[in-house]
Engineer: 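Attaching a single structure in structure tokens format; questions to follow.
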Amino acid sequence: MVSERSSKEFFAVTLRVWRQAGPSASGRFVDYPATNVSPDMSFLELLDVVNDGLTVKDEEPIAFAHDCREGICGTCSCTINGKPHGPGHGIATCQLYMRSFKDGDTIIVEPFRARAFPLVKDLVTDRSAFDRIQQAGGFISVRTGAAPDANSIPVPKDDADLAMDAATCIGCGACVAACKNASAMLFVAAKVSHLGLMPQGQPERDKRVLAMVQAMDEAGFGNCTNQYECSAVCPKLITHDFIARMNRDYVKALFKAKFKPVSSASGGAG
Amino acid sequence: MNLLGALFQSSIGKKLLMAVTGLVLVGFVTGHLVGNLQIFLPPAKINTYGHMLESLGAGLWAIRLFLLACVAIHLWLAFKLTAENRAARPQGYGVEHTNRATLASRVMLRSGIVVLVFLVYHLGHFTLRVQHPEWSEHTFRLADNTMVRDVYRMTVQGFNSAGISCFYLLGVGLLAYHLNHGLVSMCQTLGLKNERWTTGLERASAAFCWLYFLGNAVIPLSVRGWLPVLSGLIQR
């Protein structure tokens with residue numbers, strides 16, 4: 001994307017950042033003036049520059065999560081001016097450029113807020129609750145060994161496309177951060193649907209949705225009130241239609257598990 | 001997993017119960033409105049109808065208890081879900097930002113509480129008859145000479161009070177507003193919605209809610225003589 005501004009037009013902003021030394025320390029907002037901001041800088045680069053200045057002054061730099069800086073890893077996680085991943089649409093914080101802001105702006109930067117994402121330091125939160133949900137069923141069980149023949153299991157193109165839409169979830173947690181109730185429904189729905197739409201995901205489909213929803217509830221996320229704040233901020237624009245699909249899948253699994261025939265076999269096929 | 005346990009304890013189960021009880025109650029208030037609109041017919045109609053309902057005996061109580069159970073579950077879950085949702089974010093944001101959550105969706109508990117207060121008053125007025133017990137002493141003679149309760153006169157007398165009329169308009173208005181989020185939300189919770197259906201569902205829901213509100217609102221407005229043709233149909 002070509003900036004409308006030339007990169008020579010530097011400007012100044014104030015970063016108002018949540019600083020909190022540790023999980024049990026009390027936190028507060030601290031203002032950091034930033035001058036010589038280039039519109040071509042990414043937001044995280046600005047944080048880097050501000051941190052360099054803090055380091056030179058022998059102050060503690062702002063802790064923030066980041067890794068790939070190209071929108072595919074889901075590590076960056078700031079809430080900027082009240083919106084997870086900032087003012088853009090369909091981008092992660094690392095894809096946000098300073099051209100989105102104006103000279104003199106005060107930019108308020110906060111961590112993702114949810115009980116299930118306990119704060120570690122400053123803007124860094126512990127999102128391992130997502131890992132626990134994944135471990136509960138976000139996988140398929142396959143035999144290891146030689147790779148199966150390609151295309152040995154036909155997958156209709158429509159299903160593959162839809163599964164891919166769900167699989168684009170990078171697990172950043174913006175859906176939880178944006179939800180008024182800190183609900184993880186969009187994340188769990190994406191993970192449940194991604195495998196549930198594929199033939200390889202069918203054997204464990206019911207078990208998966210029941211186990212993942214249970215893990216979600218145990219992690220202390222809120223409940224969905226169908227306001228769709230989640231999909232509005234999702235950097236991968238995953239649709240909340242997957243939530244409706246998961247709701248359906250969950251009820252079906254619940255009733256199927258309850259009313260399935262009871263097997264008379266007590267052991268294996270001995 | 002235990003089926004009932006999952007319905008009452010899991011987040012999706014609780015939402016499902018919320019949706020299903022909501023659907024039952026929507027069905028009830030719709031039928032109730034159709035019954036009420038008989039106020040525009042001669043008094044014998046609605047009084048016969050009221051008498052028919054009161055004569056259902058055990059059936060009436062079965063329906064009442066079923067509806068009461070739906071209200072109780074809907075209400076209990078509303079408070080439980082709200083408490084859980086608040087606990088899920090102990091520390092809020094410095095900047096509150098809303099992307100697209102509608103106002104109706106954000107005030108569901110508050111609109112619901114006003115409707116509940118109205119419901120309690122309404123039941124006290126017409127079902128338990130503890131408010132204005134003197135109004136319920138009016139009787140009406142049907143064509144076959146049976147004496148029945150004069151529901152028609154109770155209604156007209158009730159709406160003659162400006163306070164009751166205002167409270168009624170507020171109650172049904174907020175109920176319509178509550179349903180505007182509730183109906184579409186219910187489809188999402190039951191998994192009966194996707195992008196292709198959304199616009200249609202939202203429009204149908206808005207149309208239903210407007211019709212529901214207007215259908216209710218014309219009753220007090222007519223009784224108070226504010227509507228040209230309909231007011232003429234009310235017998236005072």
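Letters go in sequence order (proteins before strands), and every chain restarts at 1.
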Engineer: Look at Asn81(A), Thr79(A), Asn181(A) and state which one has the largest set of heavy-atom pairs under 4.5 Å with chain B.
Structural biologist: Asn181(A)

Engineer: So which part of Phe221(A) gets closer than 4.5 Å to some heavy atom of chain B, the side chain, the backbone, both or neither?
Structural biologist: backbone

Engineer: Are any of the side-chain heavy atoms of Ile107(A) and Phe43(A) separated by less than 4.5 Å?
Structural biologist: yes

Engineer: For atom CZ of Arg129(B), is the number of surrounding heavy atoms from other residues, nucleotides or ligands below 6.0 Å larger than 12?
Structural biologist: yes

Engineer: Is any residue of residues 108-121 of chain A within less than 4.5 Å of chain B by heavy atoms, and which ones?
Structural biologist: Ile108(A), Glu110(A), Pro111(A), Phe112(A), Arg113(A), Ala114(A), Arg115(A)

Engineer: Charged N to carboxylate O below 4.0 Å: is that the case for Glu218(A) and Arg132(A)?
Structural biologist: no

Engineer: Under a 4.5 Å cutoff for heavy-atom pairs, which residue among Ala244(A), Cys224(A), Gly222(A) has the most contacts with chain B?
Structural biologist: Ala244(A)

Engineer: What orientation do Tyr168(B) and Phe118(B) show, parallel under 30°, tilted 30 to 60°, or perpendicular over 60°?
Structural biologist: perpendicular

Engineer: Heavy-atom cut-off 4.5 Å, strictly under: side chain, backbone, both or neither for Leu81(B) against chain A?
Structural biologist: both

Engineer: Taking Leu16(B)'s backbone N and O only, do any of them form a donor-acceptor pair with Thr189(B)'s side chain (distance below 3.5 Å, no angle check)?
Structural biologist: no

Engineer: With only heavy atoms counted, which part of Arg106(B) is less than 4.5 Å from chain A, the side chain, the backbone, both or neither?
Structural biologist: both

Engineer: Give a yes or no on whether Arg110(B) atom CZ has more than 12 heavy-atom contacts from other residues, nucleotides or ligands under 6.0 Å away.
Structural biologist: no

Engineer: Tell me, for Lys15(B) versus chain A, whether the close heavy atoms (under 4.5 Å) come from the side chain, the backbone, both or neither.
Structural biologist: side chain

Engineer: Can you say whether Phe242(A) sits under 4.5 Å from chain B via the side chain, the backbone, both, or neither, judging by heavy atoms?
Structural biologist: neither

Engineer: Measure the spacing between OH of Tyr250(A) and CG of Leu210(A) and express it to the nearest 0.5 Å.
Structural biologist: 6.0 Å

Engineer: Using distance alone, with no hydrogens and no angle criterion, decide if Asn226(A) and Ser105(B) have a side-chain donor and acceptor under 3.5 Å apart.
Structural biologist: no

Engineer: With chain B as the partner, which of Asp241(A), Thr239(A), Asn223(A) has the greatest number of non-hydrogen pairs under 4.5 Å?
Structural biologist: Asn223(A)

Engineer: For the backbone of Met18(B) and the side chain of His74(B), can you confirm whether one donor and one acceptor N or O come within less than 3.5 Å of each other?
Structural biologist: yes

Engineer: Quick one: what part of Thr82(B) sits under 4.5 Å from any heavy atom of chain A, side chain, backbone, both or neither?
Structural biologist: neither

Engineer: Taking Met185(A), Met216(A), His240(A) one by one, which has the highest count of heavy-atom pairs under 4.5 Å against chain B?
Structural biologist: His240(A)

Engineer: Parallel, tilted or perpendicular: which fits the ring planes of His122(B) and Phe126(B), with parallel below 30° and perpendicular above 60°?
Structural biologist: tilted

Engineer: If you count heavy-atom pairs within less than 4.5 Å of chain A, which of Ala88(B), Ala87(B), Gly92(B), Gly13(B) leads?
Structural biologist: Ala88(B)

Engineer: Step through the shown structure and confirm whether more than 12 heavy atoms of other residues, nucleotides or ligands are within 6.0 Å of CH2 on Trp76(B).
Structural biologist: yes

Engineer: Considering only heavy atoms, which portion of Asp217(A) lies under 4.5 Å from any heavy atom of chain B: side chain, backbone, both, or neither?
Structural biologist: side chain

Engineer: Show every ring pair (Phe, Tyr, Trp, His ring centres under 6.0 Å) that has at least one partner inside residues 160-191 of chain A, sequence neighbours left out.
Structural biologist: Phe130(A)-Phe187(A)

